[in-house]
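Report on the following structure.
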Amino acid sequence: MSQTYPKKEKLKSKKLIEQLFANGQSISVFPLRLVFLPTTFENSISAKTGVSVSKRNFKTAVDRNRIKRLLRESYRLNKSDYFNNLTTQYACMILYIGKDKPTFNQVETKMNLLFKKFLNKVS
């Protein structure tokens, strides 16, 4: 898996997102939460992932977009380490549930812990 985040790996289907929140499992490493659901896709990708930041905690779109950018970049850099060895395909949503603005280093360390916890729960 390369260190890119192309359109085919982004979670965009409304039906799949609703199914994910209705039937998915979740794990948390504050301030991140990962909601995931085993599923199948047509292409041979191992995971479709989306990111979300609550409007309740961050009123301005500038702050929400900045945090989403940090989450996507951290996911892009670390996904090859964790999602390469998976046999089943997953739909994932990464939620930022904290109330203060993070730095990239904070997001990256928490993302690594979250993915390790995810691998332990899945395998």
Quick check: closest heavy atoms across [X] and [Y], and the distance to 0.1 Å?
X: Phe104; Y: Ser74; answer: CE1-N, 3.9 Å
X: Ser26; Y: Val35; answer: CB-CG2, 4.0 Å
X: Gly98; Y: Phe30; answer: CA-CZ, 3.9 Å
X: Phe21; Y: Met93; answer: CZ-CG, 3.8 Å
X: Lys8; Y: Lys48; answer: O-CE, 3.3 Å
X: Asn57; Y: Ile97; answer: ND2-O, 3.8 Å

Interatomic distance, [X] atom [atom1] to [Y] atom [atom2] [nearest 0.5 angstrom]:
X: Met111; Y: Glu73; atom1: CE; atom2: CD; answer: 10.0 Å
X: Lys117; Y: Asn112; atom1: NZ; atom2: CG; answer: 14.5 Å
X: Arg72; Y: Thr49; atom1: CZ; atom2: OG1; answer: 12.0 Å
X: Tyr75; Y: Phe83; atom1: OH; atom2: CZ; answer: 5.0 Å
X: Thr103; Y: Leu70; atom1: OG1; atom2: CG; answer: 8.0 Å

Polar side-chain atom of [X] near backbone of [Y] as donor-acceptor pair, under 3.5 Å:
X: Gln89; Y: Ile45; result: yes
X: Arg64; Y: Phe58; result: yes
X: Arg33; Y: Leu95; result: no

Sub-4.5 Å side-chain heavy-atom contact between [X] and [Y]:
X: Lys110; Y: Leu114; answer: no
X: Leu11; Y: Leu20; answer: yes
X: Phe115; Y: Asp81; answer: no
X: Ser46; Y: Asn84; answer: no
X: Leu37; Y: Gln25; answer: no
X: Lys12; Y: Lys7; answer: yes
X: Asn78; Y: Glu108; answer: yes
X: Val107; Y: Ile67; answer: no

Distance-only polar pair, side chains of Asp63 and Thr60, donor-acceptor under 3.5 Å: yes

Between Thr39 and Tyr90: side-chain donor-acceptor atoms closer than 3.5 Å: no

Residue pair Tyr96, Ser54: steps toward the side chain to side chain donor-acceptor pair (under 3.5 Å) verdict: CA-CA 7 Å; Tyr96 186 82; Ser54 172; over 6 Å; no

Carboxylate-amine/guanidinium contact Glu18 Lys15, below 4.0 Å: no

Axial cation check for Tyr5 ring with Lys10, 6.0 Å and 45° limits: yes

Leu71 and Leu32: CA distance, side-chain angles, deciding distance, side chain to side chain contact (heavy atoms under 4.5 Å, CB included) verdict: CA-CA 9 Å; Leu71 291 172; Leu32 301 177; 3.4 Å; yes

Whether Phe118 and Phe36 hold their rings parallel, tilted or perpendicular, with breakpoints at 30° and 60°: perpendicular

Crowding at CZ, Arg66 (>12 non-hydrogen neighbours, <6.0 Å): no

